[in-house]
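Take a look at the structure set out below.
Because only heavy atoms are used, hydrogens play no part in the values below, and waters and symmetry mates are left out as well, while side chains stay in. Per chain, numbering begins at 1; letters A, B, ... match sequence-line order.
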Protein chains: 2
Amino acid sequence: MNQPGESLRDRKKRRTRAALERATVRLSAERGYDHVTVEEIAAEADVSVRTFFNYFASKDEALIGADPEAGPRMAERILAFPGTVTPFEAYRQSVLAEITEELDNARDLWLLRKEVLMQRPDLLVRAFANSAESEQALANAVAHRAALPESHLYPRLLVAAGSAAFRCAVTRWAHDDSLALGDLVTEALDLFGTGLAHTPQHHHEGGS
Amino acid sequence: MNQPGESLRDRKKRRTRAALERATVRLSAERGYDHVTVEEIAAEADVSVRTFFNYFASKDEALIGADPEAGPRMAERILAFPGTVTPFEAYRQSVLAEITEELDNARDLWLLRKEVLMQRPDLLVRAFANSAESEQALANAVAHRAALPESHLYPRLLVAAGSAAFRCAVTRWAHDDSLALGDLVTEALDLFGTGLAHTPQHHHEGGS
DNA sequence: AACTTTTTTGCAGTCACTGCAAGTTTGCAG
DNA sequence: CTGCAAACTTGCAGTGACTGCAAAAAAGTT
C-alpha cells in the first residue's frame, strides 16, 4: 500500500508537525513566548515532550515553523528560471513566490506569529541562524545560476540580503500591517538591487 | 579617590570581563564550543559561575565578546562625519574603523574565534540576534544622518546589510585567511553599495 | 572605624534539550 | 490474520544554561 500521494504514516507526521507548530504559535501569541514551556506545547498537540523534539530541534524552530523542504524548493525555483533572467531577478522572484505561497497556506499562523515577533524580534534572527546550512545550498544554486564559483562572495551576499530583507519586512509589517508582506519584501529587495549607496529621498506626506 | 581615569573597581571589572571573554574563546577554540561548560570557563577566569552571568547574558555573548559600548560608539562615529559625506559612506567608514580598531586591540582573540566560527558559523548569527536593540540605535543614527524618519526602511536595511557583510566576511576569512578581514568587509559593502542587481563577472585566474 | 554602595557568591530552582531503551504503530508479506 | 521489520512514540534519567534571591565580601566615603 504505497499510493504515490501519501501513506498513513506520512499523513500523521504532517498532522503532528502542523499541530506542534500551531500550538507553539498559538500559545506564544496568547501568553508570550517565554511563558510557554515545551511541555505545554506538547500537551496541546497531544504528544509527548520527546516527540516535540523529534520534529523540531528547538522551540525557536517550532515557532517559525522551519520547513525543511523550503531550501531545496527555493533552489529549484531559482534554477528553473530561463538563462535570460539575471540571478538577482531569479532570486527575487523565488523569494516572492515562496512568501506568497506560504502566506496563502497559513496566513492565520503568520498573523499570530506577528504578535510574537513584535515583542521578540530577535526570534526571527535566531531562526535564520539555524538554517545556515540551508542558506549555503541556496547560495550554491545562485552561484551556479550566476556562473560563479561557489566560493565567490556574491551568492552568499545575495542570500544574506534576502534574509535581511525578509527580516526587515516582517519587522515593519508587525508594526504596521496596512501593507502586504510581499510588497514590503519587494521594496527591500529593490533597495538592495539598486544599491544602498543612493540615499532615498524622503517625501513629506501632504498631498491627498 | 575618584581619578577621572578609572577606579580600582572599574579596573577590576574590565579585567574580569576580559578574562571571561578570553577564557571562553580560548577553551572553545581548544576543545569545541559545546564541549566547554560555563562552569569551566568561570573556573578558568577565577570567578563563580554566577559572576559569569553578571557579565554576559549568555555563553554566546561571551564568545563574541559583545561590547555594550560598541553600539553607541558606532552611532557617534556616524554622526561625526561632515554632512558632505553620504550616509552610506559614513556608515561604511564607521564599520571599517570599528573593525580595524577591534582587530588592533585583540587580534589574537579573533584568530581563536575564527577557529570556533569555522565549526559553528551559526554562532555569529546568533550573536547578532542578541544585539537587535543595539542595531536599532544604530539605525536611528543613520536615519538622522540621512534626514529620514526612523520608520523608514533604508536605515534598518543599511544596518542589516552591515551585519550581513560582516558575517559573510568573517565566514570567508575563516576559510581563507590570506586576506585581511577589513578588506573582505569592504568588498562586501561595496557590493551592497553598487547594488546586487549587477551580477559580478568571474575572472578566471590564469595570467600572472 | 562606621557606613553605604557595588560586586561576588552560593543555592535552589526552572527549563530546553539529548541519548537510550523500551513500547507502540504501520507497512508488508506469507 | 499472523508474523515480522521498519518507523514512530514515549518515558526516563541526565546535562547544562540561565534566573532570582539573599547573604558575604570588597571598595569607596565620611
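If you check C:dG30 for Watson-Crick or wobble pairing at under 3.5 angstrom, you find it paired to D:dC1.
Taking atom NE2 of residue B:H35 and atom P of nucleotide D:dT15, one finds them 14 Å apart after rounding to whole Å. Rounded to a whole Å, the CG atom of B:D34 is 13 Å from the P atom of D:dC18. Rounded to whole angstrom, the span from the CZ atom of A:F56 across to the P atom of C:dT18 amounts to 14 Å. Counting to the nearest Å, the C1' atom of C:dG10 and the CZ atom of B:F53 are 15 Å from each other. For the pair B:L123 CG and D:dA17 P, the interatomic distance rounds to 13 Å; values are reported in whole Å. With rounding to whole Å, B:F52 atom CZ is found 20 Å from C:dC11 atom P. Note: CZ (B:R11) to P (D:dA26) measures 17 Å, nearest angstrom. Between B:N130 atom CG and D:dC18 atom P there is a gap of 9 Å when expressed in whole angstrom units.
Ranking D:dG28, C:dT8, D:dT19 by closeness to the B:S7 side chain, first place goes to D:dG28. Closest to the A:T37 side chain, of the nucleotides D:dT10, D:dG20, C:dA16, is C:dA16. Ranking C:dT8, D:dC8, D:dT10 by closeness to the A:R50 side chain, first place goes to D:dT10. Distances were taken from every side-chain heavy atom of A:N54 (C-beta onward) to each of D:dT10, C:dT8, D:dA17; the shortest belongs to D:dT10.
For the pair A:K13 and D:dC8, the criterion of a side-chain N or O lying under 4.0 Å from OP1 or OP2 is met. Distances shown here put a side-chain N or O of A:S48 below 4.0 Å from the OP1 or OP2 atom of D:dT10. Of the side-chain N and O atoms in B:K59, none sit less than 4.0 angstrom from OP1 or OP2 of D:dC18. For A:K12, no side-chain nitrogen or oxygen approaches OP1 or OP2 of D:dC8 to under 4.0 Å.
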Next on the checklist: The test is side chain to side chain contact (heavy atoms under 4.5 Å, CB included); show your working for A:V36 and A:T24 and say whether it passes.
Outcome noted: CA-CA 8 Å; A:V36 177; A:T24 308; over 6 Å; no
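A 4.5 Å side-chain heavy-atom check between B:P155 and B:N140 finds every atom pair outside the cut-off.
Backbone-only engagement by B:V47 is indicated by non-hydrogen atom pairs under 4.0 Å involving sugar-phosphate atoms exclusively. At a threshold of 4.0 angstrom between heavy atoms, the contacts of A:Y55 are confined to the sugar-phosphate backbone, with no base atom among them.
In this pair, B:H152 and B:Y154 present their aromatic rings perpendicular. The plane angle is above 60°, beyond the 30 to 60° band. Ring-plane geometry between A:F192 and B:F192 is classed as tilted, the angle between the planes lying from 30 to 60 degrees on a 0 to 90 degree scale.
Listed for the B:R145 side chain is a donor-acceptor partner under 3.5 Å among the backbone atoms of B:V85.
With DNA chain C read from its 5' end, the first of the two nearest nucleotides for B:T51 and A:V49 is the one closest to B:T51.
Judged by a 6.0 Å distance limit and a 45° cone about the ring axis, A:R126 is not positioned over the six-membered ring of B:F128.
No hydrogens or angles were tested; on distance alone, a donor-acceptor pair under 3.5 Å links the side chain of A:R9 to the base of C:dT26.
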